[in-house]
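Heavy-atom basis, side chains included; hydrogens, waters and symmetry copies ignored. Per chain, numbering begins at 1; letters A, B, ... match sequence-line order.
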Protein chains: 2
Amino acid sequence: MPTSQDLKDVGLKTTLPRLRILSILEEGEKRHFSAEDVYKRLLEADEEIAFATVYRVLTQFEAAGLVLRHNFEGGRSVYELDTGEHHDHMVCVQCNKVTEFFDAEIEERQKSVAARYNFDLQDHSLYMYGVCTECRQAS
Amino acid sequence: MPTSQDLKDVGLKTTLPRLRILSILEEGEKRHFSAEDVYKRLLEADEEIAFATVYRVLTQFEAAGLVLRHNFEGGRSVYELDTGEHHDHMVCVQCNKVTEFFDAEIEERQKSVAARYNFDLQDHSLYMYGVCTECRQAS
DNA sequence: GTATATGCAAAACTTTTGCATCCTT
DNA sequence: AAGGATGCAAAAGTTTTGCATATAC
């Protein structure tokens with residue numbers, strides 16, 4: 001459950017839409033949501049929040065550093081709570097499940113590639129696409 | 001200069017729009033184009049090709065394996081000729097220049113991460129964002 | 001001649017924005 | 001009370017599609 005303090009901490013006023021949306025992002029079981037995913041969860045919970053507000057809140061959360069935004073294949077943005085622990089992503093092309101992983105060696109090699117090109121590395125995204133273990137077994 | 005044979009080789013009829021667009025993609029100096037980039041180059045060369053055709057041709061080229069499609073930050077797709085030599089990308093957030101690189105160790109580690117998760121890795125995209133050496137010197 | 005490609009316009013889809021109203025502090 | 005947030009609808013940006021016409025083989 002998010003508290004008013006969580007929002008104040010990042011300089012945002014406490015409002016119902018923000019609390020509800022943050023609550024969905026914090027749920028735990030699922031961590032990656034498109035704007036539509038979030039909107040649908042709100043509808044299911046009978047929360048009357050406009051689609052435009054969902055986008056505005058997610059964008060504010062991103063600017064405030066609460067949330068990360070990803071561009072997987074498929075043309076729609078995906079948002080996740082920023083836990084502060086960097087990780088990369090595996091996306092199952094069959095069930096769309098997203099799995100997080102971290103590999104220190106990959107991180108290191110990126111830095112060294114950037115250094116070799118005198119490139120000031122600020123950010124990166126590594127997305128691996130394939131079929132997850134559950135989907136492999138099901139087929 | 002692309003030839004009719006290049007298109008026939010991948011099962012596509014020879015048409016003027018296809019030859020012209022392939023020619024732009026093969027130019028050499030620049031390798032990464034949004035659909036609009038391609039359209040603008042056609043206009044500059046006084047080629048009267050519809051925007052819809054540009055999209056259709058790029059999509060067909062992708063399906064035929066001639067072209068790769070990327071989703072960098074920014075919401076628009078970027079296309080490049082598939083040379084068959086896999087590489088990843090550095091994107092300058094100031095001048096938008098795209099630099100290609102390859103690191104065997106990063107490739108290997110991805111495979112081993114996938115194996116650890118029993119994930120059938122089919123594809124991946126690694127985009128590094130930052131400031132290129134030219135832009136760093138200019139500032 | 002037949003199947004396929006193109007041009008044009010309209011639609012689809014995702015995301016953003018203007019503006020009046022409502023809410024937080 | 002004042003500034004900021006929300007709802008609604010409309011707009012913007014990118015990409016796709018329907019359909020009549022034109023083109024490749």
In whole Å, what is the span from the CG atom of A/L42 to the P atom of D/dT6?
12 Å
Ordered by number, residues from residues 2-16 of chain A within less than 4.0 Å of DNA chain C (heavy atoms) are A/K8, A/K13, A/T14
Residue whose nearest DNA chain D nucleotide is more 5′ - B/V78 or A/V54
A/V54
Between B/K40 (NZ) and D/dT14 (C1'), how many Å, whole number?
14 Å
Rounding to an integer number of Å, can you tell me how far B/E48 CD sits from C/dA5 C1'?
17 Å
Under 3.5 Å: donor-acceptor pair, side chain of A/H70, backbone of A/L68:
no
Which atoms form the tightest heavy-atom contact between B/L19 and B/T14, and what is the distance?
CD1-CG2, 3.6 Å
Bend angle of the helix from C/dG1-D/dC25 to C/dT25-D/dA1 from five-pair axes at both ends, rounded to 10°?
30°
Which atoms form the tightest heavy-atom contact between B/H32 and B/K30, and what is the distance?
O-NZ, 2.7 Å
Starting from P on C/dA5, measure out to CZ on B/F61 and report it in whole angstrom.
11 Å
Keeping the roles fixed (side chain from A/Y129, backbone from A/E73), state whether a donor-acceptor pair exists under 3.5 Å.
yes
From CG of A/D37 across to P of C/dT14 the rounded distance in Å is 11 Å
Compare side-chain N and O positions of A/S77 against OP1 and OP2 of C/dT15 and report whether any pair is under 4.0 Å apart.
yes
So, is A/R18 near the phosphate of D/dA5, with a side-chain N or O under 4.0 Å from OP1 or OP2?
yes
Would you call A/R109 and B/E105 a salt bridge, using N to O less than 4.0 angstrom?
no
Nearest-angstrom distance from the residue atom CD of B/Q60 to C1' of C/dT6:
10 Å
Indicate yes or no: at least one non-hydrogen side-chain atom of A/F101 is less than 4.5 angstrom from one of A/L126.
yes
Parallel under 30°, tilted from 30 to 60°, perpendicular over 60°: which one fits the rings of B/Y55 and B/F51?
parallel
With sugar-phosphate meaning primed atoms plus P, OP1 and OP2, does B/E36 contact a base, only sugar-phosphate, or nothing at under 4.0 Å between heavy atoms?
nothing
Restricting to nitrogen or oxygen on both sides, can you table the protein-nucleotides 16-22 of chain D pairs closer than 3.5 Å?
unit_1 : atom_1 : unit_2 : atom_2 : d
D/dG18 : O6     : B/R56  : NH1    : 3.3

With side chain to side chain contact (heavy atoms under 4.5 Å, CB included) as the test, would you mind laying out the steps for B/C132 and A/Y117 before giving the verdict?
CA-CA 8 Å; B/C132 72; A/Y117 286 86; over 6 Å; no
Is a side-chain donor or acceptor of B/R136 paired with a backbone partner of B/V131 at a separation under 3.5 angstrom?
no
What's the CG-P distance between B/L22 and C/dA5, to the nearest Å?
15 Å
Atom-pair distance (CZ on B/R76; P on C/dT14), nearest Å
18 Å
Donor-acceptor pair between B/H124 and B/D88 side chains, under 3.5 angstrom
yes
Does B/K111 pair with B/E108 as a salt bridge, N-O distance under 4.0 Å?
yes
Can you tell me if B/R18 uses its side chain to pair, donor with acceptor, with the backbone of B/K13 under 3.5 Å?
yes
